[in-house]
Amino acid sequence: ASLRDETDAARAELVAERLVSVVPGPISPAKCVAVSAGVPTAVAGESYAVHFTARDAFGNALVSGGEALTMNVSRVGAEASDASNVAVALTDNDDGTYSGSFSVTKSGDFSFTPFGDDSLAGFTVTTFVATAAARSLSRTTPRGAQTYVPGPFVAGVPGTFFLTFRDRFDNVRYDPGGLTDGNATLRLTVTSPDGLDTDVDYDAKYYDETYAADVSMRGTFEVVFTANVAGTLAIAFVDADGVSLVNAATNRPYTALVAP
């Protein structure tokens with residue numbers, strides 16, 4: 001062999017001996033992120049998968065499992081003992097990733113945070129908003145302006161009652177079209193003592209989720225009307241699916257007295 005061939009062979013051997021394998025470092029909480037279809041918006045009662053990839057300080061994904069990781073879905077600002085908080089059981093996939101699922105039943109702001117391991121301080125919190133589920137008329141009741149139930153009202157004098165639509169978990173639904181979307185209809189009818197029915201016109205005002213003067217009014221419709229006939233006022237509401245708002249005690253629409 002020539003001297004050149006021997007030199008090339010020596011160089012190849014030297015390069016081969018310098019090849020090294022670089023593995024990820026230890027887990028760095030600040031580089032780890034929880035990913036879920038429930039972010040940035042989830043719906044109360046729905047189940048969502050959540051995935052967590054362990055990374056080192058340089059952002060390299062860990063390629064093996066073994067980390068003692070757990071996750072907590074917490075309502076922002078709530079105490080640790082708040083019943084709306086949910087512990088997420090994470091499955092170790094043995095490849096540096098961890099997966100689980102969660103479901104919350106309260107609306108509001110939530111976050112994913114690790115818990116139970118002080119070494120995970122520095123994790124970047126992932127936040128999301130949980131919105132109310134579909135309207136449940138069985139959770140909806142009209143209320144009066146100064147009384148728990150509407151009325152009594154006086155003929156010829158403006159009257160007011162309030163409607164706040166909720167889901168099956170009792171969360172307030174924020175929907176400015178809640179009285180009119182689709183085929184939804186609110187109908188007010190006064191039945192006089194002699195049995196004659198008279199429809200009553202009304203105006204409705206909606207208080208959205210930003211209303212600050214009285215936060216208890218958020219998501220509420222204020223219904224104002226004037227009944228010129230004395231008798232029994234029936235408050236009938238039918239949503240777009242044909243479901244009626246009824247008084248559970250009577251299985252009939254809510255009623256109120258209209259005095260002369």
Side-chain angles (χ1 to χ4, degrees), residues 44 77 84 105-109 129-260:
S84 60
T105 58
K106 293 298 181 183
S107 58
D109 297 327
V129 176
T131 61
R135 175 166 49 198
S136 173
L137 289 180
S138 65
R139 296 283 185 173
T140 301
T141 56
R143 67 182 190 277
Q146 302 296 330
T147 56
Y148 180 73
V149 294
F153 302 106
V154 178
V157 177
T160 301
F161 67 88
F162 302 96
L163 272 176
T164 305
F165 294 112
R166 298 178 181 273
D167 67 9
R168 69 184 190 275
F169 305 110
D170 215 30
N171 298 305
V172 173
R173 284 183 49 82
Y174 296 114
D175 180 8
L179 283 181
T180 55
D181 281 350
N183 297 318
T185 56
L186 173 66
R187 183 182 181 188
L188 306 183
T189 306
V190 174
T191 303
S192 66
D194 56 5
L196 295 177
D197 291 339
T198 302
D199 287 339
V200 180
D201 294 332
Y202 64 87
D203 292 313
K205 178 180 179 180
Y206 177 70
Y207 296 89
D208 67 18
E209 58 269 40
T210 66
Y211 186 65
D214 181 356
V215 296
S216 69
M217 289 290 291
R218 291 178 178 178
T220 295
F221 291 91
E222 179 183 27
V223 180
V224 180
F225 66 96
T226 300
N228 294 318
V229 177
T232 300
L233 174 72
I235 302 171
F237 176 79
V238 180
D239 70 10
D241 296 320
V243 179
S244 297
L245 172 66
V246 297
N247 186 331
T250 64
N251 200 36
R252 303 286 297 172
Y254 284 88
T255 59
L257 172 67
V258 179

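All figures in this text were calculated on a predicted structure; none of them were measured in a lab.
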| query | After noting the C-alpha distance and the side-chain angles of I235 and L233, does the key distance pass the side chain to side chain contact (heavy atoms under 4.5 Å, CB included) rule? | reply | CA-CA 7 Å; I235 302 171; L233 174 72; 4.3 Å; yes
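Rounded to the nearest 0.5 angstrom, D175 CG and F221 CZ are separated by 6.0 Å. Taken from CZ in R139 to CZ in R173, the straight-line distance is 14.5 Å, to the nearest 0.5 Å. Atom OH of Y202 and atom CD of E222 lie 14.0 Å apart (nearest 0.5 Å).
More than 12 heavy-atom neighbours from other residues, nucleotides or ligands sit within 6.0 angstrom of CG on D199. Crowding of D214 atom CG: a count of heavy atoms from other residues, nucleotides or ligands under 6.0 Å exceeding 12.
Two residues are said to be in side-chain contact when any heavy atoms from C-beta on lie closer than 4.5 Å; T141 and Y254 meet this criterion.
Evaluation of the side-chain contact (heavy atoms from CB on, under 4.5 Å) rule for L137 yields R135, T140, F165, F237, D239, V243, L245 as partners, not counting sequence neighbours. Residues satisfying the side-chain contact (heavy atoms from CB on, under 4.5 Å) test with D197, not counting sequence neighbours, are T189, T191. Residues satisfying the side-chain contact (heavy atoms from CB on, under 4.5 Å) criterion with T250, sequence neighbours excluded, are N247, R252.
In plain terms, the two heavy atoms of T164 and G219 that are nearest each other are CG2-O, 3.9 Å. The heavy-atom pair separating V258 from V190 by the smallest distance is CG2-CG2, 4.3 Å. Residues A240 and D181 share a closest heavy-atom pair of CB-O, 4.0 Å. When all heavy atoms are compared, the tightest approach of T226 to P158 is OG1-CA, 3.5 Å. Taking every heavy atom of both residues into account, S107 and T131 meet most closely at CB-C, 4.1 Å. Of all heavy-atom pairs spanning P142 and P150, the tightest one is O-CD, 3.5 Å.
When atom types are taken as modelled, the side chain of D167 and the backbone of A133 share a donor-acceptor pair closer than 3.5 angstrom. Panel note: side chain Y174, backbone R218; no donor-acceptor pair is recorded below 3.5 Å.
A ring-centre distance under 6.0 Å is found for F153 and F225.
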